[in-house]
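I have placed the structure first, in the form of structure tokens, so that the comments after it can refer back to it.
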There are 2 protein chains.
Amino acid sequence: MPISIRDVARQLNLSITTVSRALDGYDDVAEETRQRVIAAARELGYAPSHTARQLRRQRADAIGYILPTSGPRFSDPFFSEFIAGLGDEATSRDLDILVSTAPPDSAAERQLYERWVRSRRVDGIVLSRMRAYDWRVKYLLKSHFPVVALGHTLLAEDAPQIEINARAGFAHLVQHLVERGHRRIAYIGASSDLTLQVDRLAGYRDGLATAQIPFDASWIEQGDLTRPSGYQAALRLLNLSEPPTAIIGVNDLTALGAMHAAHEHGLVVGRDIAVAGYDGIEDSEHAQPPLTTINSSVYSLARRLVKMVCAIVANEPLAEPRTLIEPELIVRGSTGG
Amino acid sequence: MPISIRDVARQLNLSITTVSRALDGYDDVAEETRQRVIAAARELGYAPSHTARQLRRQRADAIGYILPTSGPRFSDPFFSEFIAGLGDEATSRDLDILVSTAPPDSAAERQLYERWVRSRRVDGIVLSRMRAYDWRVKYLLKSHFPVVALGHTLLAEDAPQIEINARAGFAHLVQHLVERGHRRIAYIGASSDLTLQVDRLAGYRDGLATAQIPFDASWIEQGDLTRPSGYQAALRLLNLSEPPTAIIGVNDLTALGAMHAAHEHGLVVGRDIAVAGYDGIEDSEHAQPPLTTINSSVYSLARRLVKMVCAIVANEPLAEPRTLIEPELIVRGSTGG
DNA sequence: TGGTTTTTCCAAAACGTTTTGGTTAGTTAG
DNA sequence: CTAACTAACCAAAACGTTTTGGAAAAACCA
């Protein structure tokens, strides 16, 4: 059914070698022959079998990304932006993104990564949602498998990465709130397994220290990076005998959930209470009022990661195996801006 | 570097045939031999090359989905839910989802589909955002390529599909608004190239006719399924000399944008104006007030589509080549519920 | 004219599996 | 004892390309 190179060769009474070399631009095929081959291939609708090329060239022409899903209500816009960036960069290089899904830190996740690596299903892997002692990094580095990460781990050996300086960003965010007169500043975090939590909490504490505000553990809550968990955590904070006058969410979704809780508590966000987040997802602009956040351009980060992993696959030296990007604070109505 | 079946065979002094048949469960290998093979494979960390298996078995073990992207601000939660559903169902079947990105109805999109089909890159393709005269359906059917679609086209021959009865859903939604006392009900749609627009507009008009409200073209606006376009369209509607008292968005993002415009216009959504959407994305619950919408469980639809395309790939008869699902109206605060 | 170089084609091997079609030794039944 | 059957292994072919290493004819130069 599908046209193979043998069909083209037969029609032209040439060898399959000549057809292959003609289509691939080898200079030992006469130009006239090349044009005949190109015309016949087009006429017959021939395209090389991707699988056969993969096998011969030892290339999958795909970059892998495992989406950390947790069931049906998986609607974090971070990931649709991230995948769009991965996809657009891959497409521009005639690569595809191979996507699979697994709950983070599960046996299923492990099996997937191992399956991909062992069977050479993809040429490289992009990681996100880094854990402090991330087995994925250990495994992939040990396997000498091309990998890049958004964010860092606390491991002695780490994957090549792009990192946003969240610690500085958070300190800056606290400073912004202090300048707005806030002294009771709460923080809703995530699991301390995730290095993003480690960094952002550290930044928060840096900011407090700089402003000489004593750290108070009752201002700390934990969510799971989702809007509902941010909502629940904020309800608890708002029910304190001395509630905070400002809440920082570990990410935008958490902060959006906290805004919801504040609204339900009869507070006017931006006047009675300040709320801020992190990531700069599109939803943060559309909140009411718009959410103050720290912008990390997810789409372009994703594109850079693909570029980076492709360089590794091609055995090119990385200009910068670790890139640290200074984030940008975007002040909007949710902190009275 | 990677372990091949030859390494396993050499270690056991067996043929590669025996190793292959032992691992694949053939009954012409002695049980004792099989156990030795399994142990050696595990010890050596052998996994079959996916590529070589693909070539021999003529299977890609992947389902393709091309994400209709339009640049960096691509953050429609519909797609992260959809991909999560695709991925989870595929994973449960030891398949992967191959994702690529292209602007809808572009040359790039066409090239991608053709590349995938011709090179047998994927075993089947899932389509969404159906166009009325969708070239993709024509091309894939003509190529006898396994394909399933979320939604229908207006073509004489259509792909196997799952369809939500949006027409009836919209009529019902209009009825709901009429019961709430609304007679000036506007509709913000999308491009009429998309069959979702054709169906939802028809349902809107059905609802007006049933309520004996004359259709008024000045209540019709067009967006592009994004929040910002919904916002702009709603501003225009609200600036009419006789503005509508209710606005229906073609999808939830459009409606959320319209809510934003209403807020800016000083209107209280759910009291001064009603707004409703379609899709039931998670964001619709979290709007303030929560958005009345028509629920279509994106995640489970995606899972069903994967199941369906796998049946086609396996040459199994489809229980239902066309499934029509009746949607559920979810009344929330945005329509005064 | 003969030797050397260049052009342009081609057979075979390679990639790593799975499947086909045997072969051989051991066992069983008449 | 002999013929038929079964168990359990194996070489070769297959999948569809790309690459290696020639071979042969034409062109060039002394």
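Lettering of chains follows the sequences in order, A, B, ..., and the numbering in each one begins at 1. As a basis for the values below, the full set of heavy atoms in this structure was taken, side chains included, without hydrogen atoms, waters or symmetry mates.
Atom CD1 in B/Ile5 sits about 11 Å away from atom P in C/dG16, given to the nearest Å. The separation between A/Arg21 atom CZ and D/dT17 atom C1' is 13 Å, rounded to whole Å. When rounded to the nearest whole Å, the span between CG of A/Leu55 and P of D/dG16 equals 12 Å. Note: CG (A/Leu14) to P (C/dA11) measures 11 Å, nearest angstrom. Here the C1' atom of nucleotide C/dC15 and the NE2 atom of B/His50 are 15 Å apart, to the nearest Å. Going from atom CG of A/Asp7 over to atom P of D/dG16 covers 9 Å, rounded to whole Å. Across the protein-nucleic acid pair, A/Arg59 atom CZ and D/dT19 atom P stand 12 Å apart, rounded to whole Å. Atom OH of A/Tyr46 and atom C1' of D/dT17 are 6 Å apart (whole Å).
Counting non-hydrogen atoms under 4.0 angstrom, B/Thr17 reaches a base of the nucleic acid. No engagement by A/Gln54 is indicated, since no non-hydrogen atom pair under 4.0 Å with the nucleic acid exists.
For C/dA11, its base never sits under 3.5 Å from the side chain of A/Ser15 at any donor and acceptor pair. In this model, no side-chain donor or acceptor of B/Thr18 finds a partner on the base of D/dA8 within 3.5 Å. Residue B/Arg56 places a side-chain atom within donor-acceptor reach of the base of C/dT18, judged by atom type and a 3.5 Å distance cut-off alone.
For A/Ala30, the listed nucleotide lying nearest its side chain is C/dC9; candidates were C/dC9, C/dG16, D/dA8. For A/Val29, the listed nucleotide lying nearest its side chain is C/dC9; candidates were C/dT19, D/dT17, C/dC9. Looking at the side chain of B/Ala52, the nearest of the listed nucleotides C/dT17, D/dG16, D/dC9 is C/dT17.
Of the residues listed (A/Arg131, A/Arg115, A/Arg129), the one engaging A/Glu109 in a salt bridge (charged side-chain N to carboxylate O under 4.0 Å, His left out) is A/Arg131, and it is the only one.
Close to C/dT17, at under 4.0 Å from its OP1 or OP2, lies no side-chain N or O of B/Arg53. Contact check, A/Thr33 against C/dT8: no side-chain N or O comes under 4.0 Å of OP1 or OP2. Here A/Ser20 does not reach the OP1 or OP2 of D/dT17: none of its side-chain N or O atoms lies under 4.0 Å away. Taking side-chain N and O atoms only, B/Tyr26 has no distance below 4.0 Å to OP1 or OP2 of D/dA8.
Nearest-nucleotide assignment on DNA chain C puts the 5′-proximal partner with B/Arg57, out of B/Arg57 and B/Asp28. Nearest-nucleotide mapping onto DNA chain D: of A/Ile16 and B/Val19, the residue sitting toward the 5' end is B/Val19.
Residues B/Trp116 and B/Gly64 approach most closely at CZ3-CA, 3.6 Å, considering heavy atoms. Residues A/Val147 and A/Ala159 approach most closely at CG1-CB, 4.1 Å, considering heavy atoms.
Defined by atom type and a distance below 3.5 Å, a donor-acceptor pair is missing between the side-chain atoms of A/Thr17 and A/Ser20.
For B/Glu316, the CD atom counts as densely surrounded, since its 6.0 Å shell holds more than 12 non-hydrogen atoms of other residues, nucleotides or ligands.
Not one N or O on the side chain of B/Ser143 forms a donor-acceptor pair closer than 3.5 Å with the backbone of B/Phe145.
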